[in-house]
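The structure under discussion appears below in the form of structure tokens.
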Amino acid sequence: MRSSSLIKHCAIVVVAVLLAAVAAAAARTKNDCHSGDKAALLAIKSAFGNASYFNSWTLNTPCCEWADVTCDRAASPNTTRRVIGVTLQNDASLAGPLPGAAIARLTALQTLELNYLPGVNGTIPRDLTRLNATLGLLQIVSTGIFGPVPPFLSEITALGYLRLSANKLMGPIPNSLVDMPNLSFLDLSYNRITGTLPPLLFSKASGSDAYLYLSHNKVTGRVPAEFAAVNFWTIDLSHNALAGDASFLLGANKSLKNLDLSHNAFSFNLSAMPLPEDLISLEISQNDIYGDLPETMPEDLSYLNVSYNRLSGIVPSYGNLDSFDASCFDHNKGLCGSPLPPCKH
Ligand SMILES: *[C@@H]1O[C@H](CO)[C@@H](O)[C@H](O)[C@H]1NC(C)=O
Ligand SMILES: *[C@@H]1O[C@H](CO)[C@@H](O)[C@H](O)[C@H]1NC(C)=O
Ligand SMILES: *[C@@H]1O[C@H](CO)[C@@H](O)[C@H](O)[C@H]1NC(C)=O
Ligand SMILES: *[C@@H]1O[C@H](CO)[C@@H](O)[C@H](O)[C@H]1NC(C)=O
Ligand SMILES: *[C@@H]1O[C@H](CO)[C@@H](O)[C@H](O)[C@H]1NC(C)=O
Ligand SMILES: *[C@@H]1O[C@H](CO)[C@@H](O)[C@H](O)[C@H]1NC(C)=O
Ligand SMILES: *[C@@H]1O[C@H](CO)[C@@H](O)[C@H](O)[C@H]1NC(C)=O
Ligand SMILES: *[C@@H]1O[C@H](CO)[C@@H](O)[C@H](O)[C@H]1NC(C)=O
């Protein structure tokens with residue numbers, strides 16, 4: 001009796017161990033990626049000299065479990081999972097150029113993010129255009145990447161979101177970007193961008209809300225009149241050398257939420273155009289803007305700075321705007337009334 005129950009017990013243990021092994025193998029397979037994707041990731045790792053950043057990227061672990069790698073769900077029990085996202089970030093020791101050829105071997109890649117990698121340098125590699133049909137989001141922020149904003153980026157027709165801020169990019173915004181059917185988010189802020197704004201930017205993606213961030217560059221010229229037809233939610237052109245009229249970005253029917261024109265040489269009559277009803281933030285300080293402040297402000301406006309312009313008249317009492325300090329209205333030609341000193345009649 002005793003020995004047979006022991007045998008039974010042992011048999012149960014053996015079966016349990018076997019089942020666990022099968023389950024583990026299944027989990028491993030379930031979390032493994034397409035072999036081509038795995039090879040591409042290992043090539044990226046090798047291109048960075050197998051840096052310790054990639055310690056979790058080892059052959060004997062399923063690549064969908066590697067840090068900074070995102071896989072899709074397997075299309076069927078028979079298919080392997082594809083790598084659709086890679087995010088490399090916050091490591092000052094990763095150095096050298098972007099391994100474009102290795103990245104382009106991730107042929108299902110939808111998002112590529114490189115954030116705060118100051119040692120990564122070189123130009124934006126043309127190989128990325130091989131991801132033309134899949135790559136919807138490209139973000140390269142705070143790296144040592146230099147050179148132009150390459151015109152060939154427009155070949156990545158899937159691209160909807162392009163953020164290349166705080167790098168060492170220089171030269172103009174390539175006119176080819178106007179051809180991109182899906183581009184609705186463009187951030188080139190904190191670079192050395194020169195030249196003028198392409199008039200037809202975002203004109204192809206007319207259905208979507210547009211986001212444009214160009215602050216802290218050296219962009220010159222005027223805001224193209226064509227921008228009046230774009231459905232902007234956010235425009236940040238601050239700290240450039242833009243001039244002329246930009247009032248057509250405003251208007252009661254616009255969906256604009258955030259406008260920052262500060263630190264340029266814009267010159268227009270603020271009272272000539274009603275503010276968008278949904279405006280949340282209006283920063284126009286350090287320009288040459290004139291006219292009166294509007295009598296009423298959009299309900300949701302929570303930031304306003306009109307200082308260092310040529311505005312005149314009384315600061316209307318706006319309810320919630322009472323909380324804005326004098327620095328938001330200071331240094332105008334003729335503005336007066338709380339929070340500025342009272343008007344002299
Ligand atoms: C990275 O490691 C792989 C596998 O061990 C090796 O084949 C490759 O040569 C290494 N690359 C570098 C740059 O050391
Ligand atoms: C999986 O592959 C087997 C053998 O090739 C095939 O018979 C089966 O239909 C496939 N199943 C799916 C869901 O694709
Ligand atoms: C890019 O970074 C590598 C590694 O730090 C360095 O050796 C190389 O000189 C840099 N190249 C340029 C053009 O800055
Ligand atoms: C991507 O590029 C290839 C090669 O140039 C081309 O054949 C293909 O049509 C492009 N796909 C898309 C979606 O643009
Ligand atoms: C543009 O984006 C939409 C929605 O995100 C997507 O369905 C479409 O395939 C994209 N177009 C291209 C050319 O990739
Ligand atoms: C705003 O839209 C309404 C209705 O869509 C229209 O009647 C009105 O003329 C528009 N106003 C302006 C200033 O475009
Ligand atoms: C600004 O526009 C308003 C409204 O159109 C007008 O009454 C005012 O005279 C203009 N101010 C200047 C300085 O042109
Ligand atoms: C408003 O803008 C001026 C000039 O750019 C700046 O000095 C001031 O601090 C700003 N005020 C607030 C509250 O941000």
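Whatever order the structure lists them in is the order used to number ligands and atoms, beginning at 1. The residues of the chain are indexed from 1 along the displayed sequence. FYI, side chains are in, hydrogens and waters are out, and symmetry mates aren't considered; it's all heavy atoms of this structure.
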What atoms of ligand 8 come within less than 4.0 Å of a heavy atom belonging to [X]?
{"X": "Gln286", "result": "4 (C), 5 (O)"}
{"X": "His263", "result": "5 (O)"}
{"X": "Ser307", "result": "1 (C), 2 (O), 3 (C), 4 (C)"}
{"X": "Ser327", "result": "1 (C), 8 (C), 10 (C), 11 (N), 12 (C), 13 (C)"}

Exercise. Is atom OH of Tyr116 surrounded by more than 12 heavy atoms (other residues, nucleotides or ligands) closer than 6.0 Å?
Worked result: no

Problem set entry | Arg222, CZ atom: more than 12 neighbouring heavy atoms under 6.0 Å | no

For this session: Examine distances only and state if a side-chain atom of Thr134 and a backbone atom of Leu109 form a donor-acceptor pair shorter than 3.5 Å.
Result: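 Yes.
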
Exercise. Where the side chain of Asp37 meets the backbone of His34, is there a donor-acceptor pair that is under 3.5 Å apart?
Worked result: no

Problem set entry | Heavy-atom protein neighbour under 4.0 angstrom from atom 14 (O) of ligand 8 |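 Flag for atom 14 (O) of ligand 8 set to true, protein heavy atom closer than 4.0 Å.
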
For this session: Evaluate the 4.0 Å heavy atom contact test for atom 2 (O) of ligand 3: does a protein atom fall under the cut-off?
Result: yes

Exercise. Which atom names give the shortest non-hydrogen contact between Ala102 and Ala43, and what distance separates them?
Worked result: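 Heavy-atom minimum between the residues: CB-CB, 3.8 Å.
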
Exercise. How about Cys33 and Cys63, are their SG atoms within less than 2.5 Å of each other?
Worked result: yes

Exercise. When you check the gap from the basic side-chain N to the acidic O, do Asp179 and Lys204 get nearer than 4.0 Å?
Worked result: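 So Asp179 pairs with Lys204 through a salt bridge.
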
For this session: Answer side chain, backbone, both or neither: which part of Tyr303 comes under 4.0 Å from ligand 8, heavy atoms only.
Result: side chain

Exercise. What class does the angle between the rings of Tyr190 and His216 fall in, given that below 30° is parallel, 30 to 60° is tilted and above 60° is perpendicular?
Worked result: parallel

Problem set entry | Numbered atoms of ligand 3 (with element) below 4.0 Å of Phe146, judged on heavy atoms | 13 (C)

For this session: Mark up the atoms of ligand 3 that fall under 4.0 Å of a heavy atom belonging to Ala95, in ascending order.
Result: 4 (C), 5 (O)

How far is [atom] from its nearest protein heavy atom, and which residue and atom is that?
{"atom": "atom 10 (C) of ligand 8", "answer": "Asn305 ND2, 2.5 Å"}
{"atom": "atom 7 (O) of ligand 8", "answer": "Tyr308 CE1, 4.7 Å"}
{"atom": "atom 12 (C) of ligand 3", "answer": "Asn121 ND2, 3.4 Å"}
{"atom": "atom 5 (O) of ligand 8", "answer": "Ser285 OG, 3.0 Å"}

Exercise. Does a side chain donor of either Asp292 or Ser271 reach within less than 3.5 Å of an acceptor in the other side chain?
Worked result: no

Problem set entry | Heavy-atom side-chain contact between Phe329 and Val306 under 4.5 Å |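 SC-SC contact between Phe329 and Val306 confirmed.
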
Exercise. At a 4.0 Å threshold, what atoms of ligand 4 neighbour a non-hydrogen atom of Thr157?
Worked result: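 Heavy-atom distances to Thr157 below 4.0 Å select 12 (C), 13 (C), 14 (O).
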
For this session: Could you list which atoms of ligand 4 come closer than 4.0 Å to a heavy atom of Ala133?
Result: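 Once the distances to Ala133 are compared, the set is 13 (C).
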
